Amino acid sequence: MPTIESIEQIVDFIKAALHAAAGEAAAGMPSAFERPKDTEHGDFASNLALLLAPVLHESPRAIAEGIVGRLRLPPEVVDGVEIAGPGFINVTLSPVVLRRGLMAALSQGEAFGRLSTGRGLRAQVEFVSANPTGPLTIGHGRQAVLGDAIARVLDNAGYQVDREYYFNDAGRQIRMLGESVRAQYLTLLGRPADVPEGGYHGEYVRGIAEAFRADRGDAEGETDVDVFSDFGKNAAFGGIQRTLERLRVRFDSYYSEASLYETGRIADTLRAMREVGVSYVKDGAEWLAGTSLGLDQDWVMVRGTGEPTYRLPDIAYHRHKLERGYDLVVDVFGADHQATYPVVLAAVQALGGDTSRFQVLIHQFVTVKRGGQDVRMSKRSGEFLTLDWLLDEVGVDAVRYFFLLRVRSSHLAFDIDLALRQSEENPVFYVQYAHARTAGILRFAAESGIGGEEPFDPTVLTQREELALIREILQFPVVLRQVTESLEPQKITVCLRTVATAFHQFYQHHRVIGDDRELSWARLGLVRATRLVLARGLSLLGVEAPERM
RNA sequence: GCACCCGUAGCUCAAAGGAUAGAGCAUCUGACUUCGGAUCAGAGGGCUGCAGGUUCGAGUCCUGCCGGGUGUACCA
């Protein structure tokens with residue numbers, strides 16, 4: 001019997017035994033050995049016989065019988081092996097293994113579920129990257145929470161993680177902001193001015209203008225627009241950072257697009273493209289020869305005016321990410337960037353960059369429904385719902401959990417009325433309640449002198465609900481491995497809900513603290529392990545694990 | 001027009017190509033004299049948008065439609 005530090009070792013052990021019993025034909029065959037959807041089918045199911053059937057020209061069930069007949073597994077590992085359905089081999093773990101897994105989890109403590117896949121590696125996660133022209137919207141919220149959770153997951157896997165926010169502080173958008181602020185400022189001075197075409201109309205622009213007036217007085221009417229731009233940018237950025245702080249999102253670095261010009265990286269990238277021969281001049285503009293790189297069209301890098309498009313800095317920026325030595329670079333973008341990243345990656349690759357280090361994650365947009373109607377969000381028309389407003393309404397835990405509940409590829413319809421009406425019944429409370437309950441039980445045990453940290457004999461844990469809960473607890477590291485590979489943190493929310501459910505069921509059926517001291521201690525150990533998983537999982541999502549509610 | 005994403009229970013969403021498609025919310029019926037009822041037990045609810053194809057096996061892969069979203073700028 002192998003030493004048990006995780007359920008994964010047992011799985012590998014049994015899987016290898018199955019392959020050995022299947023003979024040479026199974027060598028190197030990528031069989032599945034996974035948890036079946038239906039718990040009646042055991043802890044793990046192998047499809048090996050199904051895969052071998054076409055190779056051996058035999059019925060899958062006959063092959064499965066052969067495998068099971070030759071299978072030699074220690075009885076303390078496996079409780080039962082069954083052939084079911086078309087030829088699945090279902091394996092049920094023994095309570096002995098489950099209990100050992102529980103003890104291992106408890107002895108690992110905070111390290112339970114921690115991985116070593118990223119040990120010694122550096123990762124960067126870029127997300128939000130909203131230009132400082134106004135408050136963050138609900139849509140930005142999804143990205144902020146998603147990127148932050150991914151960073152936490154990578155950190156858990158042993159990566160040294162940097163969170164980066166890239167922003168454009170020099171382009172046309174910022175100039176527009178400046179002109180919009182100036183127009184509002186002039187209006188405040190009693191010299192009504194129109195916000196320019198394409199400018200910003202939101203209420204916040206007037207707020208910035210008022211702040212400007214309070215700061216600089218009334219004599220700035222003729223001042224250059226750059227002054228207004230700078231002021232507006234700083235004001236907007238300050239607001240963004242306050243919002244992010246409320247959302248429990250912190251960045252290690254803010255990367256300015258303008259700095260790419262100052263450091264010469266723009267010019268350098270342009271020069272490199274010419275050297276490699278992937279750019280050409282046409283109609284006074286400089287183009288990236290996209291079609292020669294497998295893209296469906298060529299793209300302008302430098303306009304006829306001599307001003308680069310946003311794509312060139314993007315390429316220079318991504319080259320710099322690689323130069324900074326990251327082993328993994330995760331870009332979290334909204335669906336509106338889906339056309340951009342293939343161009344950036346193709347160009348970086350053409351310039352010799354190792355693009356296999358990039359992971360581009362596109363998340364779909366959040367649409368907002370209120371009163372049964374879609375609310376269109378457009379920052380420039382001033383028509384949007386801010387993240388601050390949402391945080392005011394439902395609180396940070398609900399916002400984070402809600403956004404992490406969905407896969408990123410799915411459109412998220414945020415029904416405001418529903419969110420507000422159900423704010424008390426948000427799924428986050430179910431999991432938080434389970435955690436508070438574990439804390440409550442442990443508190444009670446300590447207060448009533450039972451203790452709770454005593455060593456115990458796990459063999460007294462024999463009830464169905466106890467073993468079911470242990471099974472779910474032991475899934476935690478497996479789930480984290482999946483999440484680290486797929487970068488899909490919503491799997492954590494599923495895992496936590498399952499653990500919480502198993503715990504509530506256990507609690508409903510069995511008294512933790514009773515006359516039987518030995519049993520009480522063992523069950524308290526189970527409660528401790530539950531609490532550990534819930535707290536660790538919630539912390540990976542950036543959601544609070546309350547002691548009381 | 002073309003490219004990418006999405007259509008699954010009334011609603012919001014899950015399901016490495018695996019077995020009878022699952023959860024929550026909502027609806028209905030039940031359950032506490034004891035550790036937290038924000039809980040638990042149960043019921044109803046589906047031609048997985050439509051039509052073909054590949055496969056022992058398709059919600060998942062391929063093709064074509066239909067519907068929604070996002071791109072497709074010498075705007076960012």
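Computation of the quantities below employed the complete heavy-atom set of this structure, encompassing side-chain atoms and omitting hydrogens, waters and symmetry-equivalent molecules. Bear in mind the structure is a predicted one, so any value in this text is a computation, not a measurement. A note on names: the letters A, B, ... follow the listed sequences, proteins ahead of strands, and every chain is numbered from 1.
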Are any side-chain N or O atoms of [X] and backbone N or O atoms of [Y], one a donor and one an acceptor, separated by less than 3.5 Å?
X       : Y       : answer
R523(A) : G514(A) : no
E58(A)  : I63(A)  : no
Q349(A) : A346(A) : no
N131(A) : N168(A) : yes

Exercise. Starting at the 5' end of RNA chain B and moving along, which residue's nearest nucleotide shows up first, H504(A) or A45(A)?
Worked result: A45(A)
For this session: Between L405(A) and D336(A), just flag the one whose closest nucleotide in RNA chain B comes earlier from the 5' side.
Result: L405(A)
For this session: Using a strict 4.0 Å threshold on nitrogen-to-oxygen distance, state whether R471(A) and D43(A) make a salt bridge.
Result: yes
Pairs under 3.5 Å (N/O, protein and nucleotides 59-64 of chain B):
none

Nearest-Å distance, [atom1] ([X]) to [atom2] ([N])?
X       : N       : atom1 : atom2 : value
R142(A) : rG69(B) : CZ    : C1'   : 12 Å
D298(A) : rU72(B) : CG    : P     : 16 Å
H41(A)  : rU20(B) : NE2   : C1'   : 8 Å
M301(A) : rA76(B) : CE    : P     : 12 Å
E34(A)  : rA15(B) : CD    : P     : 13 Å
E307(A) : rA73(B) : CD    : P     : 18 Å
R464(A) : rA41(B) : CZ    : C1'   : 11 Å
Q364(A) : rC13(B) : CD    : P     : 12 Å

Heavy atoms under 4.0 Å, any strand shown: does [X] hit a base, just sugar-phosphate, or nothing?
X       : value
N168(A) : sugar-phosphate
E286(A) : nothing
A436(A) : base
H510(A) : base
A285(A) : base
V407(A) : sugar-phosphate
D283(A) : base
I441(A) : sugar-phosphate
Y430(A) : sugar-phosphate

Exercise. Of the options Y317(A), F127(A), F237(A), Y310(A), which is the one that meets F167(A) in a ring-ring contact (aromatic ring centres under 6.0 Å, His included)?
Worked result: F237(A)
Between [N] and [M], how far apart are the two [atom1] atoms, rounded to whole Å?
N       : M       : atom1 : answer
rU60(B) : rC2(B)  : C1'   : 26 Å
rG71(B) : rA38(B) : C1'   : 43 Å
rG42(B) : rA23(B) : P     : 10 Å
rC66(B) : rC50(B) : C1'   : 7 Å
rG30(B) : rA14(B) : C1'   : 28 Å

Exercise. If we require ring centres under 5.5 Å and near-parallel planes under 30°, does F365(A) stack on rG69(B)?
Worked result: no
Can a donor-acceptor pair be found between the side chains of [X] and [Y] at a distance below 3.5 Å?
X       : Y       : answer
T291(A) : D298(A) : yes
N47(A)  : S31(A)  : no
H510(A) : E466(A) : no
Y255(A) : S129(A) : no

For this session: Mind listing the residues from residues 493-501 of chain A sitting with a heavy atom below 4.0 Å of RNA chain B? Number order is fine.
Result: R497(A)
What about [X]: does its side chain form a donor-acceptor pair under 3.5 Å with the base of [N]?
X       : N       : value
N90(A)  : rA19(B) : yes
Q338(A) : rC4(B)  : yes
Y310(A) : rA76(B) : yes

Seminar exercise, completed: Paired with D331(A), the side chain to side chain donor-acceptor pair (under 3.5 Å) test is passed by just one of H337(A), K321(A), Q359(A), namely K321(A)
For this session: List the steps, then state whether side-chain hydrogen bond (donor to acceptor under 3.5 Å, both in side chains) holds for S256(A) with Y166(A).
Result: CA-CA 6 Å; S256(A) 139; Y166(A) 176 72; over 6 Å; no
For this session: Compare side-chain N and O positions of S409(A) against OP1 and OP2 of rC6(B) and report whether any pair is under 4.0 Å apart.
Result: yes
For this session: Please check the phosphate of rA41(B) (OP1 and OP2 only) for any side-chain N or O of Q505(A) closer than 4.0 Å.
Result: yes
